[in-house]
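Reading through the structure tokens given below for one structure.
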Amino acid sequence: MGNNLKDIRKQISSVLNTQKTTRAMKLVSTSKLKKADEMARRSKMYANKIVEVLSEIKSKVASGENVQDNPYFSTGNEESKIVDIVLVTADKGLCGGFNINTIKEVNRIIAEHKVKNMKVRLRVIGKKAVEYYKFNEIEVLDSVVGLSATPQYAQAAEFINKAVADYLSGITSKVILVHNGFKNMISQEMKVSQLLPIEGIVLPEECSSILEVEPNEQENEILHELANKYVEFSMYYALVDSLAAEHSARMQAMDAATNNAGEMARTLTIAYNKARQQAITTELVEINTGVESMK
């Protein structure tokens, strides 16, 4: 019985130490989430402004024919049966289903394109996705680790421009971006967007002009350059958005782990008290039996 009590005490101590760790990780994630959320808000404002400028140039500067001729807006090489998928996961775990949900969505898209006899190439950001595809012996065309934890615009642009180059040269017909995005403090949402060819860039009719100068004859160059900036910043914003969602998911996971550890500690404490009470009762019975035998 003594050994049993000792084992239970060790279990309680271990659970309480784990609870301290998960509580600390929750607090760290909460702090990081506030910073990441603020960065995501600022980035979204900038992204919206790029869309406005791009929309106005597309609608007011370039004619419909010129837009179709621009490779960023055209349907690409329709004969190509190759699609690039760019996916973002975290470098670390302990964030619930954050990473695996993104991978599942990518696998669904891969299966969807295979039915259409299209080849899918993977460009992966994040250690967790890299490890997953390596373990499952699935080919990855390009990968980078560390960028999802510390998003940098220059690195994001360098990474996505490799996919852009293949698209512009006609190797691929489409570029798709997949990441788990930040919705609010307690939830995330899967975001799947088509980066190339660019779709959905439409200027609202009631929107006033935001261009300070009238475009000149270099309209195609302006449209081309701005479209590239749009793609680059879309990649960067996906990283920032994913980072905020990662901290949100980890905060929730650590909160649940902390609560579970507390519940387990309470259960073990009850078991310990029962075992201790049983040991005391047994000792009292033995003492009484010994006293009675001496009479």
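The model shown is predicted, which means the values in this text are computed figures rather than measured ones. The residues of the chain are indexed from 1 along the displayed sequence.
When hydrophobic clusters are built by joining Ile, Leu, Val, Met, Phe, Trp and Tyr residues whose side-chain heavy atoms come closer than 4.5 Å, directly or via intermediates, Ile198 is grouped together with Val175. Tracing side-chain contacts under 4.5 Å through hydrophobic residues (I, L, V, M, F, W, Y), one reaches Leu122 starting from Met118; they form part of the same cluster. The same ILVMFWY cluster, assembled from side-chain heavy atoms under 4.5 Å apart, contains both Tyr72 and Ile160. Clustering ILVMFWY residues whenever any of their side-chain heavy atoms sit less than 4.5 angstrom apart, transitively, puts Leu243 in a cluster other than the one holding Ile100. Under the 4.5 Å side-chain contact rule for hydrophobic residues, Leu33 and Val240 do not share a cluster.
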### Message
Run Val88 and Thr102 through side chain to side chain contact (heavy atoms under 4.5 Å, CB included) and show every step you take.
### Response
CA-CA 8 Å; Val88 181; Thr102 305; over 6 Å; no
### CA sep, side-chain torsions, deciding dist, call: Leu177, Val192, side chain to side chain contact (heavy atoms under 4.5 Å, CB included)
CA-CA 6 Å; Leu177 176 61; Val192 180; over 6 Å; no
### Task
Mind running side chain to side chain contact (heavy atoms under 4.5 Å, CB included) on Asn4 and Gln278 for me, showing each step along the way?
CA-CA 12 Å; Asn4 186 37; Gln278 184 179 353; over 6 Å; no
#### Entry: Test salt bridge (Lys or Arg N to Asp or Glu O under 4.0 Å) applied to Arg266 and Glu263, step by step
CA-CA 5 Å; Arg266 284 190 291 272; Glu263 184 62 34; 2.7 Å; yes
#### Entry: Intermediate values then yes/no, side chain to side chain contact (heavy atoms under 4.5 Å, CB included), Tyr133 and Val106
CA-CA 11 Å; Tyr133 289 113; Val106 170; 3.5 Å; yes
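Between the side chain of Thr258 and the backbone N or O of Met254 there is at least one donor-acceptor pair closer than 3.5 Å. Between the Ser14 side chain and the Lys10 main chain, no donor and acceptor come within less than 3.5 Å of each other. At least one donor-acceptor pair under 3.5 Å links the side chain of Asn184 to the backbone N or O of Ser187. Looking only at distances, no side-chain donor or acceptor of Ser13 sits under 3.5 Å from a matching main-chain atom of Arg9. At distances below 3.5 Å, not a single donor-acceptor pair connects side-chain atoms of Asp255 with backbone N or O atoms of Met251. Using modelled atom types, no side-chain atom of Ser31 and backbone atom of Val28 make a donor-acceptor pair closer than 3.5 Å. Proximity of a side-chain donor or acceptor of Thr89 to a complementary backbone N or O of Ala129 within less than 3.5 Å is detected. The main-chain N or O of Tyr237 is never found under 3.5 Å from a side-chain atom of Asp241 such that the two would form a donor-acceptor pair. With Asn99 contributing its side chain and Ala90 its backbone, the two residues share a donor-acceptor pair below 3.5 Å.
By the 6.0 Å contact criterion, CD on Glu158 is open, its count of non-hydrogen atoms from other residues, nucleotides or ligands being 12 or less. The number of heavy-atom neighbours closer than 6.0 Å to NZ of Lys127, taken from other residues, nucleotides and ligands shown, is 12 or below. The number of heavy atoms from other shown groups lying within 6.0 Å of NZ (Lys162) is above 12. Around atom CE of Met264, no more than 12 heavy atoms belonging to other residues, nucleotides or ligands sit under 6.0 Å away.
Looking at every heavy atom in both residues, Ser148 comes nearest to Leu239 through CA-CD2, 4.2 Å. Annotation for Leu16 and Ala265: closest pair CD2-CB, 3.9 Å, computed over non-hydrogen atoms. Of all non-hydrogen atoms in Ser234 and Leu195, the two that sit nearest each other are CB-CD2, 3.6 Å. Counting all heavy atoms, side chain and backbone alike, Gly96 lies closest to Ala253 at N-CB, 3.8 Å. Nearest approach of Tyr167 to Ser173, heavy atoms of both residues: CE1-O, 3.5 Å.
Counting only heavy atoms from C-beta outward, the side chains of Tyr236 and Pro151 approach each other to under 4.5 Å. For the pair Asn17 and Thr21, the minimum side-chain heavy-atom distance is 4.5 Å or more. Residues Leu94 and Met25 are in side-chain contact: their nearest non-hydrogen atoms beyond the backbone lie under 4.5 Å apart. Ile176 has its side chain within reach of Val83: a pair of non-hydrogen atoms, C-beta onward, lies under 4.5 Å apart. Counting heavy atoms from C-beta on, the side chains of Asn180 and Asn101 come closer than 4.5 Å. For the pair Ile12 and Ile8, the minimum side-chain heavy-atom distance is below 4.5 Å. Counting heavy atoms from C-beta outward, Val124 and Val86 have side chains that stay 4.5 Å or more apart. Residues Arg123 and Ile85 fail the side-chain proximity criterion, which asks for heavy atoms closer than 4.5 Å.
No side-chain donor from either of Tyr272 and Asp7 sits under 3.5 Å from a side-chain acceptor of the other.
His179 contributes atom NE2, which lies 12.5 Å from atom CD of Glu246 (distance to the nearest 0.5 angstrom). Interatomic distance, CD of Gln155 versus CE of Met235, reported as 11.5 Å (0.5 Å rounding). For the atom pair Leu87 CG and Asn107 CG, the distance stands at 9.0 Å (nearest 0.5 Å). Taken to the nearest 0.5 Å, the CG atom of Leu226 stands 9.5 Å off from the NZ atom of Lys229.
Between Asp166 and Arg121 there is a salt bridge, since a side-chain N of the basic residue sits under 4.0 Å from a carboxylate O of the acidic one. Salt-bridge annotation for Lys128 and Asp91: absent, with no side-chain N of the basic residue lying under 4.0 Å from a carboxylate O of the acidic one. The pair Glu105-Arg108 meets the salt-bridge criterion, since a charged nitrogen lies less than 4.0 angstrom from a carboxylate oxygen. Electrostatic pairing of Asp84 and Lys174 does not count as a salt bridge here, judged by no charged N lying under 4.0 Å from a carboxylate O.
When the options His247, Lys26, Gln188 are evaluated for a side chain to side chain donor-acceptor pair (under 3.5 Å) with Gln252, the one that passes is Gln188.
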